[in-house]
2 protein chains.
Amino acid sequence: MVSVMRSLYHPPVDQITVEGILHAFSDPIRIEIFANLAMAECAKNCSTFLTIHKQQLPKSTLSQHFRILREAGLIRSERKGVELVNVTRCAELKQRFGPMVQGIVEAYAAQQKAKKKK
Amino acid sequence: MVSVMRSLYHPPVDQITVEGILHAFSDPIRIEIFANLAMAECAKNCSTFLTIHKQQLPKSTLSQHFRILREAGLIRSERKGVELVNVTRCAELKQRFGPMVQGIVEAYAAQQKAKKKK
DNA sequence: TCCTTAGTTCTGAAATATAGAACTATTGAA
DNA sequence: TTCAATAGTTCTATATTTCAGAACTAAGGA
């Protein structure tokens, strides 16, 4: 069985769609990853998120989630040696979609913060 | 086979979640319905949306989409005679989640408007 | 060269969504 | 009152999508 590891596809900003973004955000794991990246000081590799919401994720599942975020145009992933480091495309997204993405991240972050307090 | 038509469930505003909203918005038909309702002057019944994005929807499918929007806390549906009229819960949503929902609707509307022009 | 770490791809199983058919609910006319 | 019409829901089988284990690729050391 021959399989080639395709290189990472990032859509150009003008091909990103609202539907694509909303689909990518529809999974609780993906919104958690994205919000975390959006609020992080620096890029993070995929394995950072192997534990999420107190559950352990198989790395194949995590890999799919990153691919979906990437192909929706939400994140940019770059190989750095043996790992993949990820950052959000927030600046481009703001340019194209206004405050939508930031609004989502902020609402999510506020909700999670409130949840913790209880 | 006995089946009872359960009455419409609307979650109280404090039980609405960001994840629930994002899941409801993840379907192109549902975001279209919601954006349309959000920009409408008045309530609309479900059948208004039997044709959407130039495709004909079976009413069973449409009914499911409305149920998902309703149970995510995005819309309020009320029986008016033989039909069901729907409005968004935008005011409550803004209260709880800030500009998130409006940001999504506006980005979607802008995208659709730009698409038409081409 | 071989080992280790990081992530991807493949694939069958599990979960979700779709849509036709049969149903309920309400109204209005005969 | 019954009957027909309209609007929407529920049931259920099928189709689609997602999940996760196993096998793989890719890069960096020892």
Side-chain angles (χ1 to χ4, degrees), chain A residues 1-10 19-20 22-34 37 42-72 75-87, chain B residues 1-10 19-20 22-34 37 42-72 75-87:
Chain A
M1 182 113 347
V2 179
S3 74
V4 180
M5 207 170 283
R6 292 182 273 282
S7 83
L8 305 171
Y9 177 68
H10 295 88
E19 297 93 310
L22 294 174
H23 173 259
F25 279 159
S26 71
D27 187 288
I29 289 164
R30 292 195 293 263
I31 181 67
E32 171 69 25
I33 291 171
F34 185 85
L37 285 177
C42 60
K44 295 192 173 188
N45 71 4
C46 301
S47 298
T48 308
F49 300 95
L50 275 168
T51 302
I52 215 164
H53 289 148
K54 288 171 190 159
Q55 77 180 296
Q56 199 64 23
L57 292 183
K59 59 183 182 168
S60 60
T61 300
L62 192 61
S63 177
Q64 294 301 332
H65 286 313
F66 272 94
R67 186 179 55 77
I68 288 167
L69 288 169
R70 189 161 53 236
E71 295 185 356
I75 64 171
R76 202 172 280 285
S77 309
E78 195 183 340
R79 188 171 268 282
K80 270 271 162 54
V82 76
E83 54 189 35
L84 216 61
V85 295
N86 303 281
V87 292
Chain B
M1 181 112 349
V2 180
S3 72
V4 180
M5 205 169 284
R6 292 183 273 281
S7 81
L8 306 170
Y9 176 68
H10 295 88
E19 296 95 309
L22 294 174
H23 173 259
F25 279 159
S26 70
D27 186 289
I29 289 164
R30 291 194 294 262
I31 180 68
E32 172 69 25
I33 291 171
F34 185 85
L37 285 177
C42 59
K44 296 192 173 189
N45 71 3
C46 301
S47 298
T48 307
F49 300 95
L50 275 168
T51 302
I52 215 163
H53 289 146
K54 289 171 189 159
Q55 78 180 294
Q56 199 63 23
L57 292 183
K59 58 183 183 169
S60 60
T61 301
L62 192 60
S63 177
Q64 294 301 332
H65 285 313
F66 271 93
R67 185 178 56 75
I68 288 166
L69 288 169
R70 189 161 53 236
E71 295 185 356
I75 64 171
R76 200 171 281 286
S77 308
E78 195 184 339
R79 187 173 270 280
K80 269 271 162 53
V82 75
E83 54 188 37
L84 215 62
V85 295
N86 303 280
V87 292

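Every value quoted in this text rests on a predicted model; they were computed, and no experiment measured them. In the text below, chain A, chain B and the rest are named by the order of the sequence lines, each starting its count at 1.
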Ignoring the backbone of E83(A), work out which of dG8(D), dA6(C), dT8(C) is nearest its side chain.
->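 For the E83(A) side chain, the nearest candidate turns out to be dA6(C).
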Starting from [atom2] on [N], measure out to [atom1] on [X] and report it in whole angstrom.
X: L84(B); N: dT27(C); atom1: CG; atom2: P; value: 13 Å
X: F66(B); N: dA7(D); atom1: CZ; atom2: P; value: 13 Å
X: R67(B); N: dT16(C); atom1: CZ; atom2: P; value: 12 Å
X: Y9(A); N: dT8(C); atom1: OH; atom2: C1'; value: 19 Å
X: N45(A); N: dG28(D); atom1: CG; atom2: P; value: 15 Å
X: E78(A); N: dA26(D); atom1: CD; atom2: P; value: 18 Å
X: L8(A); N: dA6(C); atom1: CG; atom2: P; value: 17 Å
X: K80(B); N: dG8(D); atom1: NZ; atom2: C1'; value: 16 Å

How far does [atom1] of [X] sit from [atom2] of [Y], to the nearest 0.5 angstrom?
X: E83(A); Y: T48(A); atom1: CD; atom2: OG1; result: 7.5 Å
X: C46(A); Y: L69(A); atom1: SG; atom2: CG; result: 10.0 Å
X: L84(B); Y: L8(B); atom1: CG; atom2: CG; result: 5.5 Å
X: I31(B); Y: L22(A); atom1: CD1; atom2: CG; result: 5.5 Å
X: F34(B); Y: D27(B); atom1: CZ; atom2: CG; result: 14.5 Å
X: N86(A); Y: I33(A); atom1: CG; atom2: CD1; result: 8.5 Å

Residues pairing under salt bridge (Lys or Arg N to Asp or Glu O under 4.0 Å) where one sits in residues 55-68 of chain B, two or more places apart or in two chains, turn out to be R67(B)-E71(B)
Close side-chain approach of H23(A) and R30(A), heavy atoms under 4.5 Å =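 Heavy-atom side-chain distance check passes, below 4.5 Å.
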On DNA chain D, nearest-nucleotide positions of Q64(A) versus G81(A): which is more 5'?
->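 Going by which nucleotide is closer to the 5' end, it is Q64(A).
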Show which side-chain atoms of residues 49-56 of chain B pair as donor or acceptor with protein atoms under 3.5 Å away, not counting sequence neighbours.
residue : atom : partner : partner atom : Å
T51(B)  : OG1  : Q56(B)  : OE1          : 2.7
H53(B)  : NE2  : E32(B)  : OE1          : 3.3
H53(B)  : NE2  : Y108(B) : OH           : 3.2

Within residues 48-63 of chain B, find the residues that approach DNA chain C with a heavy atom at under 4.0 Å, and present them sorted by residue number.
->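 Close to the strand are P58(B), S60(B), T61(B).
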Note the angle between the end axes of the helix from dT1(C)-dA30(D) to dA30(C)-dT1(D), five pairs defining each, rounded to 10 degrees.
-> 0°
Residues in salt bridge (Lys or Arg N to Asp or Glu O under 4.0 Å) with R70(B), at least two apart?
->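 For R70(B), no residue satisfies salt bridge (Lys or Arg N to Asp or Glu O under 4.0 Å) once neighbours in sequence are set aside.
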Please tell me which of R70(A) and V82(A) maps to the more 5' nucleotide of DNA chain C, matching each residue to the nucleotide holding its nearest heavy atom.
-> V82(A)
Pair S77(A)-H10(A), side chain to side chain contact (heavy atoms under 4.5 Å, CB included): steps then yes or no | CA-CA 8 Å; S77(A) 309; H10(A) 295 88; 4.2 Å; yes
Please tabulate the protein-to-nucleotide N/O contacts below 3.5 Å involving nucleotides 15-18 of chain D, giving atom names and distances.
residue : atom : partner : partner atom : Å
dT18(D) : OP1  : H23(A)  : NE2          : 3.2

